[in-house]
Every structure is written in structure tokens, then in C-alpha cells.
Colleague: 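The structure under discussion is supplied below as C-alpha cells; questions concerning it will follow.
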Amino acid sequence: MKVYDPKTIEKKWQTIWEEEGAFHASENKEKPKYYALIEFPYPSGQGLHVGHPRPYTALDIVARKRRMQGYNVLFPIGWDAFGLPTENYAIKNKIHPKTVTARNIARFKKQLQSLGLSFDWSREINTTDPSYYKWTQWIFLQLFKRGLAYKKEMAINWCTSCKVGLANEEVVGGVCERCGGKVERRMKTQWMLAITKYADRLIDDLEDVDYIERVKTQQKNWIGRSEGAEVDFQVAGKPLRIYTTRPDTMFGVTYMVMSPEHPYLEEWKDRIQNYEEVQAYQQAALSKSDFERTELAKDKTGVELKGIEAVNPVNGAKIPVFISDYVLMSYGTGAIMAVPGHDTRDWEFAQKYHLPIIEVVAGGDVTREAFTDIEKGTLVHSGFLDGMQVEDAKEAMIKWLEEHRIGKRKVNFKLRDWVFSRQRYWGEPIPVVHCPKCGYVPLPEEELPLLLPEVESYEPGPDGESPLASMTEWVHTSCPRCGGPAERETDTMPQWAGSSWYFLRYMDPHNDQALASKENLQYWSPVDWYNGGMEHTTLHLLYSRFWHKFLYDIGVVPTKEPYQKRTSHGMILGANGEKMSKSRGNVVNPDEVVEQYGADTMRLYEMFIGDFEKAVPWSENGVKGCRRFLERVWKLQEMMTPEEGISKDMETWIHKTIKKVSLDDESLKFNTAIAAMMALVNEFYQKGSVTRGEMRILLLLLGPDAPHITEEMWEACGFSGRLYQQSWPVWDEAKTVEDMITIAVQINGKAKGTLRISKDADQAAAMTAFRADERLMAQIEGKTIIKEIYVPGRIVNVVVKG
RNA sequence: GCAGUUAUGGCGGAAUUGGUAUACGCGCUAGACUAAGGAUCUAGUGUCCAUUUUAGCGACUUGUGGGUUCGAGUCCCACUAACUGCACCA
């Protein structure tokens with residue numbers, strides 16, 4: 001027998017699979033389909049790190065198993081290649097981002113291929129390819145035509161020293177990450193997508209999909225649906241509209257708070273006696289992010305609007321009005337009614353500014369803290385609401401408000417519309433022209449793709465406009481509608497755009513008539529299993545579901561939801577338990593692991609490393625252990641005997657293992673599936689032999705995890721065909737349990753021994769066995785049995801007294 | 001801060017979902033083979049205690065403190081710590 005030499009074997013089988021087109025999804029639509037999807041990588045300059053292969057290997061195992069189960073499997077790969085890091089690298093090194101991207105992709109591709117992942121490389125896509133982004137632009141036009149893309153004034157982060165707009169990530173501790181300059185919020189007109197129009201459906205349709213629970217919860221909370229009321233308070237002769245989830249507490253309102261950006265402030269500037277102070281506060285608020293502003297721990301600040309007074313519509317009370325930065329213009333109406341007795345932030349604010357706190361829901365002590373429990377509590381000091389429970393009082397108040405035309409029921413969402421513009425070069429150009437006469441005019445579809453022009457410099461312009469703005473020739477164009485002079489949009493799309501629909505393109509990646517053909521969309525939709533990082537649970541997942549629902553509405557795609565099943569993997573950390581990063585110096589390069597131990601060992605370790613859903617540190621010794629296991633599997637060849645069947649004493653072992661591996665691979669428990677195979681191999685070693693029939697099963701089970709070594713052994717053992725073409729083994733449930741089993745015995749709930757009984761024994765039989773056991777009986781001598789508990793196949797518990 | 005999640009040996013983790021806690025792997029200890037072992041094989045390995053007249057049907061143990069139950073790592077309540085996301089990173 002040859003020694004196990006992964007380098008030779010892996011190269012050999014990767015070439016054979018490639019030549020045989022082993023993993024190409026078939027265009028034959030007779031077979032049942034299975035679509036397994038991983039999040040396509042961003043081809044960064046650092047190359048692959050060992051975190052990438054974790055989800056890829058997991059779904060590779062699923063894909064390989066599904067092929068063995070008779071499915072036509074689509075398991076594709078591509079590149080999410082637009083983005084900030086590439087652009088910043090290009091600026092710094094004066095290389096075209098296109099060149100950087102091509103180089104990074106080549107490297108990633110080589111690395112991924114060395115792992116033996118069964119991707120269908122014939123369907124590879126790239127979001128920066130004009131034949132791809134043509135359809136990203138096409139989708140944008142459809143959104144625009146249906147009024148879901150619109151322009152709005154939005155605050156952006158502005159570095160006062162670089163004079164460019166910054167991503168939130170580039171703002172560190174309130175200053176520019178690059179130059180340390182002061183960052184402030186500056187208003188800019190931005191393209192927005194009206195995702196909030198889909199908020200209800202994005203929540204409700206989660207009912208129909210199989211996402212792990214924490215992903216569903218996270219999505220719901222992010223969308224943040226709340227039911228309450230909008231109410232108009234009369235302030236300085238105008239109705240000031242607020243949103244509240246607690247209309248029942250309206251009798252407890254002792255002041256109001258407006259966002260510093262509220263448009264009324266400008267209108268009231270002659271009436272506000274301390275307008276200068278207000279302006280100073282507005283300036284200060286500009287330099288803070290929403291995140292800093294709403295932080296609960298921080299000291300509440302605010303300015304009272306002197307000369308302005310509000311009237312509480314329920315009781316006519318005159319109350320002061322403040323501005324404070326904890327009220328955001330982007331949520332609700334930008335103004336709130338403050339009920340310090342029953343809202344924590346309001347309570348703290350009231351304490352600081354010595355504002356009255358009125359208890360309107362009994363049950364707590366509002367002199368000590370806000371009482372916010374809505375489950376228990378009875379309304380007091382609240383006129384017609386007195387004596388009601390919170391939920392009833394809410395309804396009663398809404399009814400009252402609607403009758404008096406002061407307010408109305410209103411559902412609100414935390415979700416905000418999607419800011420879709422970037423003042424950047426390396427993104428899809430937005431296919432819209434601004435005409436002085438016709439306004440924003442979409443480019444005709446036949447002019448797509450609107451190519452990203454070559455520019456001299458990728459630096460954003462001095463006023464924060466996109467680098468494209470300096471391309472005067474490109475910018476000056478004619479209006480598609482009236483033919484007059486017009487200007488192109490110079491902002492580009494965010495990276496999210498290309499990744500919001502990529503899974504559709506895989507279904508028909510070379511189609512130039514449509515984003516994918518109807519037949520292919522019909523056959524492959526939806527994605528059966530999508531695995532990705534928890535960090536994409538709110539944004540990417542929500543954005544792509546939104547686009548998909550929109551495409552469904554306009555008849556492009558056949559399903560309401562893009563992904564039938566969504567799971568999530570944990571991060572792989574450095575050996576020191578910290579996040580892997582270049583600056584921490586704890587990055588492990590998969591190339592070195594493959595070079596030293598082989599791709600199969602790498603794959604096996606990635607799956608065996610720990611709980612798939614949890615973050616886990618990398619361990620070189622763990623890798624060695626996996627290599628050792630593969631060596632042991634390899635050496636089984638030396639003790640193989642010629643019987644094609646399974647020996648009698650191994651029957652239970654084999655069937656138990658088939659069952660364990662089959663089920664565990666479906667529920668992300670790859671680690672225990674591998675543990676079961678290790679235990680089986682240990683058993684072969686204990687026996688000192690393995691039959692051909694047993695070897696066959698082991699290779700089939702291990703195949704998806706370690707495809708190269710098993711394919712090689714399959715051939716070396718003289719089994720016919722290729723391993724990847726075989727059927728997945730099935731287990732016989734009856735053979736997974738021995739006839740005689742060992743169960744635990746407890747006395748008063750404490751483990752005291754075991755019993756050998758038949759697996760079908762009833763309680764009487766179990767107790768007979770118990771009484772026949774002298775050692776156990778000795779322990780209850782002189783005591784009275786007051787209860788006997790028997791859980792078949794599990795345990796006997798005898799409760800004694802005395 | 002808000003939202004979500006997690007906590008089990010020296011380490012990664014397992015536990016049929018309320019039924020013998022620590023499977024499997026790493027590490028460690030001893031032995032075998034060997035010129036050698038950082039290769040391989042065999043045995044052992046939660047903590048404490050007892051047993052040297054012998055290896056136990058002994059006590060304790062799943063972040064902390066309570067509770068429910070014949071029985072709790074698992075369920076409930078209160079705490080603590082850590083991780084992820086927070087809308088222009090992807």
C-alpha cells in the first residue's frame with residue numbers, strides 16, 4: 001500500500017472532476033433540483049483566510065450529498081467585487097480598481113479551487129462585469145419607474161479636512177479614520193429606495209420560510225413594527241405631530257421634545273427668545289451620529305424653546321417644549337410627547353431639567369424610576385381612562401383621539417428607507433439623467449449597461465461629489481425624453497446592489513435578454529438552503545428579500561421569498577481567541593494548511609472544529625488530529641477483508657453511523673457527524689478488521705467531507721464507478737438499536753447503577769430486573785418504595801422513604 | 001444604549017431535547033516498537049477523598065444566586081461576563 005499523499009491525490013481528483021464536468025448543474029429539468037447557496041465573497045487584497053472555507057465546506061457537503069441523493073444540484077460561486085476597500089487601495093496605489101479586482105479574483109479562485117469545493121465554475125459571476133451590472137441597473141430602473149426610487153435630503157458624514165463624504169466605518173471616535181480630521185454631518189441629496197413600503201410583508205412572510213429562529217427575530221426587531229398613534233399638539237399656533245406607542249399615558253405628558261433638525265424651528269425663529277442657544281445646540285448635534293445621540297448611558301442634553309408653549313389636547317395643560325438630540329428626525333415624526341413617569345429616557349431628562357413627573361399608571365414608584373411595565377398597571381390621574389388596564393386604555397384613547405380628530409392609529413417602523421447613493425467611483429453608475437426641463441429621467445433600457453467610464457483619478461471631488469462628476473464629457477448628455485441638454489447622475493450604487501439579486505443570475509448566468517430566463521427561474525427558485533454570516537442578517541438579507549419581493553410583484557420571479565432556508569455560521573478566530581486580522585498578526589492562511597496537511601484535512605478540521613454556529617479559535621493541533629484520522633482511514637486498507645457484506649457484530653454500529661451522519665449533516669452538526677465516523681473507525685481498529693462492505697459505507701459517508709482521499713480509496717479498493725456518482729447509503733431503523741440495552745438506575749434521583757434489559761421491556765419487566773439485582777436492592781434495604789418511574793430505553797428511578 | 005446570542009474538564013466541544021454530564025478530538029501521563037521519536041500503536045486522564053490488607057455500589061461538579069420536578073447542563077426568576085449587528089465595511 002502506498003503512503004497517504006494528499007498533494008498528489010488532491011491534484012489528481014480535482015483534474016478528473018474538472019474533466020468529467022462532475023459538478024455542473026444540468027440544464028435537464030426532469031430531475032428534482034436542489035439549490036445550495038453560500039454568500040459570494042468580496043475579493044479582498046488579503047486573499048482567503050481560514051474563515052471563508054467554513055460555510056463553503058458545509059454547503060459543499062450538503063451539495064455533494066444531494067447529488068448522491070439524486071438531485072440536480074446548483075452550487076455556484078461568484079464575486080461581489082465592487083466596494084470601498086478596493087477603491088481605497090486603487091487611490092493609494094494609483095492602480096485602476098478593475099485591475100486590482102481582477103488580480104484579487106484570480107488569487108481567490110486559485111485558493112478556492114485547491115480546496116476541492118464542488119462549485120459549478122461554469123456559472124461564475126462578477127458584479128463588476130458590465131454584462132452583470134446591466135441587470136443591476138435594469139432592476140434600479142424598474143424600481144424608479146414604480147416610484148420606489150426617489151431623491152431626498154440626507155445627512156452624510158463629512159470630513160472637514162479631506163473634504164469627502166465618509167462611510168460610518170471610516171468615522172472612528174468622531175474623527176476621520178484617515179486624517180484624524182473633524183467629521184460633521186452635512187446634508188446632501190441622495191437616492192433612496194422605499195424599502196419601508198415592504199416592511200409589513202418583510203415581517204409577515206417570515207412565517208413561510210425556514211430560517212433559524214435568531215435570524216427571524218433579528219429581522220423582525222430590525223424592521224421594528226410598533227403600533228401606536230399619531231397625535232397633533234397645538235404649539236405656537238401650529239399642530240405639532242408626534243408619534244407615540246403609549247397613547248394611554250397622554251395625561252402624564254409634562255413637556256415635549258423635538259429633534260434639533262425639526263423644520264418648525266426655522267419657522268419659529270422670531271418667536272423663540274433664545275434662538276442663538278438653539279442654533280448652537282443644532283450645530284453641536286450635527287457632529288454626532290445617531291448612534292451617539294441615542295445612547296442611553298450618556299447624559300441627556302437639551303434646550304428649552306423659550307417663548308414657545310404646547311397644549312396637551314387631552315386636558316388643556318400648557319407644557320414647555322425642548323429640543324434634544326435623543327429625538328431623531330428619522331424615526332416617527334421627529335417630535336415626541338414626554339411622559340417621564342413611564343419612559344426611561346423621558347424620566348432622566350425630566351430629572352435633569354426639574355420637570356414634573358406625573359404618575360398615570362399605578363404599579364411602580366415614579367419618584368425612583370420610570371414605570372414601564374405594560375403587562376401590569378392600572379391607569380390613574382387620567383380622566384376617562386382611570387381604572388383601565390394599559391391595553392384597554394390605549395384603545396380607548398385612540399378612539400377618543402380619532403373622534404376628536406386630534407390623532408389617529410398609526411403603525412410605525414424602525415426600518416428606514418435605504419440610502420442608495422454613494423459618492424464613489426467603484427460602483428454601478430445610476431442610469432438616470434437630470435434634465436432641467438423634465439427632471440430625473442431614466443435611461444432607456446436598450447442603453448444599458450451604462451458603462452463606468454475610465455477616469456484619471458478615483459478621488460472624490462472637493463465638494464464631496466463622486467469622481468464621475470469631473471468627467472465632463474460623460475456627464476453632459478442629452479435628455480432621453482426631450483433631447484435637450486442634461487446631466488448624468490454621478491453618484492454610484494452601494495455594494496449592496498449587486499448582492500441583492502446575484503442568486504438569480506446563477507440560474508442563467510449568460511443570458512443577455514433578461515436577468516435570467518423564465519424557465520430557469522421557474523425551475524431553480526427558490527434557493528433551497530442559503531448559509532451566511534450572522535453579520536448579514538439585517539442588511540444584506542433584508543435588502544435582497546426586498547428586491548426579490550419587488551421582482552415578484554412585477555412578474556419577474558416566481559416566488560415571494562428568495563431563500564427557503566437560511567442558516568448561519570460562526571466566525572473562526574485566531575489561536576488567541578481574538579478576531580483574525582492582519583493588525584493582530586493572528587491570521588491563518590489556508591494555503592499553508594493545504595500545503596502542509598492537504599485539503600481534505602483542512603475541510604475536515606473546519607467542520608470538526610466546533611459548533612458550526614459559534615465562533616471558535618483556530619488550533620494547529622486540532623488540524624493535526626484530523627490529519628491523523630485520515631491516516632487511520634487510509635490504513636484501514638491494510639486490514640480490509642474480502643466480504644462484500646457487513647459482519648453481524650458491526651450491523652448496529654454501521655446503521656447507527658449512517659443515521660447519525662445523515663441527520664447531523666442536515667442540522668449543521670457536522671462536528672458530531674465526524675465524531676461518529678471517528679468512533680466507527682476506532683471500532684474497526686479495535687476489531688483489527690473491516691470488510692469490503694463496511695469500507696464501502698464508510699467511504700460513502702466520509703466522501704462529502706473528505707472527497708479526495710475517499711475517491712482515491714474507492715478506486716484503490718476496486719469499487720466500480722466514481723464515488724461522487726454513488727447513491728447515499730440508507731439506514732434500517734430497526735438495526736440501529738441492539739436488542740439488549742443498558743439503562744441507568746436512580747434511587748431518589750441519584751445514579752446508582754445500571755441494568756441490562758430488552759429494548760422493548762415494559763415497566764414490570766424493568767422492575768423485575770431491578771429486584772433481581774442484589775447490589776441495587778441492598779441500597780434500598782429497610783426502606784419503602786413509594787414511587788417507581790420507568791422511561792423506556794432510558795432510566796429507572798426508584799423513590800424510597802425511611 | 002438598543003437588538004440578538006452564548007457560558008459545560010487544561011483546550012475545542014458532546015449530551016437522543018427533562019433521564020448514567022464530559023461522546024469525539026486536542027493536550028497530558030505511562031508502556032510498546034525504535035539508533036532516535038516531534039511517527040505509530042496500547043492503556044489511562046473532570047475535581048476531591050478513600051483504598052498501598054487495594055483500585056470504590058464514595059462525595060462533589062455544567063458562569064453566580066434562587067425556584068419547579070422522582071429527576072435539571074436542559075424549564076422558570078434574578079444577576080454577571082463575553083461575542084455579533086446597529087443602516088455609507090461587506
Side-chain angles (χ1 to χ4, degrees), chain A residues 39 41-42 44 80 82-85 154 156-157 165-171 190 213-215 217-218 220-222 224 289-298 326 330 344-345 414-424 494-496 499 533-540 542-543 570-571 573 579 605 608-611 613-626 628-629 631-632 635 660 669 671-672 674-679 682 685 742-754 773-776 778-779 786-789 791 793-800:
Chain A
E39 283 170 341
Y42 172 68
S44 71
D80 187 15
F82 277 127
L84 202 53
M154 283 292 299
I156 61 165
N157 300 312
L166 298 177
N168 282 352
E169 199 195 44
E170 297 175 294
V171 183
Q190 302 266 53
E213 209 48 47
R214 58 193 172 126
V215 169
T217 318
Q218 193 87 308
K220 281 183 202 156
N221 289 342
W222 184 261
S289 68
D290 287 0
F291 176 48
E292 289 171 303
R293 287 172 50 165
T294 53
E295 210 169 345
L296 200 59
K298 68 144 199 180
Y326 77 91
S330 51
T344 310
R345 283 167 307 183
K414 284 211 184 84
L415 182 70
R416 313 204 285 260
D417 275 346
W418 176 2
V419 184
F420 200 70
S421 312
R422 300 290 184 273
Q423 293 73 51
R424 290 284 176 170
Q495 188 171 23
W496 306 110
S499 62
M534 218 42 212
E535 67 275 20
H536 293 121
T537 298
T538 44
L539 297 178
H540 161 65
L542 215 52
Y543 290 156
M571 228 186 314
L573 308 170
K579 199 169 168 170
Y605 178 61
F608 187 63
I609 189 169
D611 184 335
E613 303 195 71
K614 277 194 231 158
V616 62
W618 184 262
S619 153
E620 177 89 15
N621 279 327
V623 180
K624 283 184 196 157
C626 287
R628 202 171 294 160
F629 169 65
E631 296 276 2
R632 277 163 74 80
K635 284 190 199 130
K660 182 89 181 141
K669 292 155 94 177
N671 53 339
T672 51
I674 293 167
M677 291 187 273
M678 286 174 166
N682 289 347
Y685 271 81
T742 305
I743 67 163
V745 179
Q746 295 183 343
I747 294 170
N748 285 346
K750 286 201 171 264
K752 289 292 176 186
T754 59
D773 190 305
E774 287 170 27
R775 283 176 137 189
L776 292 169
Q779 295 188 54
I786 55 172
K787 200 168 180 183
E788 292 168 2
I789 292 145
V791 183
R794 290 270 165 271
I795 203 163
V796 167
N797 187 12
V798 178
V799 185
V800 294

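Per chain, numbering begins at 1; letters A, B, ... match sequence-line order. Predicted model only: the values in this text are computed from it and were never measured.
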Colleague: Base, sugar-phosphate, or nothing: which does A:Lys414 touch, judged by heavy atoms less than 4.0 Å apart?
Modeller: base
Colleague: Does A:Arg214 reach a base, just sugar-phosphate, or nothing at all? Heavy atoms under 4.0 Å.
Modeller: sugar-phosphate
Colleague: Go ahead and name the base partner of B:A15; Watson-Crick or wobble counts if both distances stay under 3.5 Å, otherwise write none.
Modeller: none
Colleague: Taking syn as within 90° of 0 and anti otherwise, name the glycosidic form of B:U8.
Modeller: anti
Colleague: What is the minimum heavy-atom distance between A:Tyr605 and A:Ser619, and which atoms define it?
Modeller: OH-N, 3.0 Å
Colleague: Scan A:Val799 against the nucleic acid and name what it touches under 4.0 Å (heavy atoms): base, sugar-phosphate only, or nothing.
Modeller: sugar-phosphate
Colleague: Check the phosphate of B:G25 against A:Asn682, side-chain N and O only, distance under 4.0 Å to OP1 or OP2. Yes or no?
Modeller: yes
Colleague: Could you work out which one of B:G71, B:C57, B:U17 sits closest to the side chain of A:Lys669?
Modeller: B:U17
Colleague: Which part of the nucleic acid, if any, lies within contact of A:Gly753, taking any heavy atom under 4.0 Å across all strands shown: a base, the sugar-phosphate backbone alone, or nothing?
Modeller: nothing
Colleague: Which part of the nucleic acid does A:Gln423 contact within heavy-atom distance under 4.0 Å: base, sugar-phosphate only, or nothing?
Modeller: base
Colleague: State the syn/anti category of B:G9 according to its glycosidic angle, syn meaning within 90° of 0.
Modeller: syn
Colleague: Report yes if the distance between the aromatic ring centroids of A:Phe420 and A:Trp496 is under 6.0 Å, otherwise no.
Modeller: no
Colleague: Would you name the heavy atoms of A:Lys414 and A:Trp222 that are closest together and state the gap between them?
Modeller: CB-O, 3.8 Å
Colleague: Reckon A:Ile786 touches a base, only the sugar-phosphate, or nothing at all at heavy-atom distances under 4.0 Å?
Modeller: nothing
Colleague: Between A:Val419 and A:Arg422, what is the shortest heavy-atom contact and its length?
Modeller: O-NH1, 3.1 Å
Colleague: Mind checking A:Gln190 for me? I need base, sugar-phosphate or nothing, with any heavy atom below 4.0 Å counting as a touch.
Modeller: base
Colleague: Respond yes when some side-chain nitrogen or oxygen of A:Lys614 is under 4.0 Å from OP1 or OP2 of B:A7, and no when none is.
Modeller: yes
Colleague: Picking from B:C88, B:C89, B:A23, which would you name as closest to the side chain of A:Ile156?
Modeller: B:C88
Colleague: Tell me which nucleotide among B:A15, B:G13, B:G19 gets nearest to the side chain of A:Asn797.
Modeller: B:G19
Colleague: Once you apply a heavy-atom cut-off of 4.0 Å, does A:Leu539 come out as touching a base, just sugar-phosphate, or nothing?
Modeller: base
Colleague: Using a 4.0 Å heavy-atom cut-off, does A:Ile789 contact any base of the nucleic acid, only the sugar-phosphate backbone, or nothing at all?
Modeller: base
Colleague: According to a strict under-4.0 Å criterion, is A:Asn621 in side-chain N/O contact with OP1 or OP2 of B:G27?
Modeller: yes
Colleague: Verify the contact: side-chain N or O of A:Arg632 to OP1 or OP2 of B:U40, cut-off strictly under 4.0 Å; return yes or no.
Modeller: no
Colleague: Would you say A:Asn797's side chain and A:Gly749's backbone share a donor-acceptor pair under 3.5 angstrom?
Modeller: yes
Colleague: Please check the phosphate of B:C57 (OP1 and OP2 only) for any side-chain N or O of A:Arg775 closer than 4.0 Å.
Modeller: yes
Colleague: Who is the Watson-Crick or G-U wobble partner of B:C79, with both distances under 3.5 Å?
Modeller: B:G63
Colleague: Mind checking if A:Thr742 touches a base, just sugar-phosphate, or nothing, with heavy atoms under 4.0 Å?
Modeller: base
Colleague: Compute whether any side-chain donor of one residue and acceptor of the other, for A:Gln190 and A:Gln423, lie under 3.5 angstrom apart.
Modeller: yes
Colleague: Looking at the base of B:G19, is there any donor atom on it, or on the side chain of A:Gln746, that sits under 3.5 Å from an acceptor on the other one?
Modeller: yes
Colleague: Return the nucleotide paired to B:U42: Watson-Crick means purine N1 to pyrimidine N3 with N6-O4 or O6-N4, wobble means G-U with N1-O2 and O6-N3, both under 3.5 Å.
Modeller: B:A30
Colleague: Just confirming the chi classification of B:A55, syn or anti, using 90° around 0 as the syn window.
Modeller: syn
Colleague: Go through B:C88, B:U84, B:C24 for me and flag the one nearest to the A:Met571 side chain.
Modeller: B:U84
Colleague: Below 3.5 Å, does any donor atom in the side chain of A:Arg628 face an acceptor in the base of B:U40, or the other way round?
Modeller: no
Colleague: On the nucleotide B:A87, are OP1 or OP2 found under 4.0 Å from the side-chain N or O atoms that A:Arg416 carries?
Modeller: no
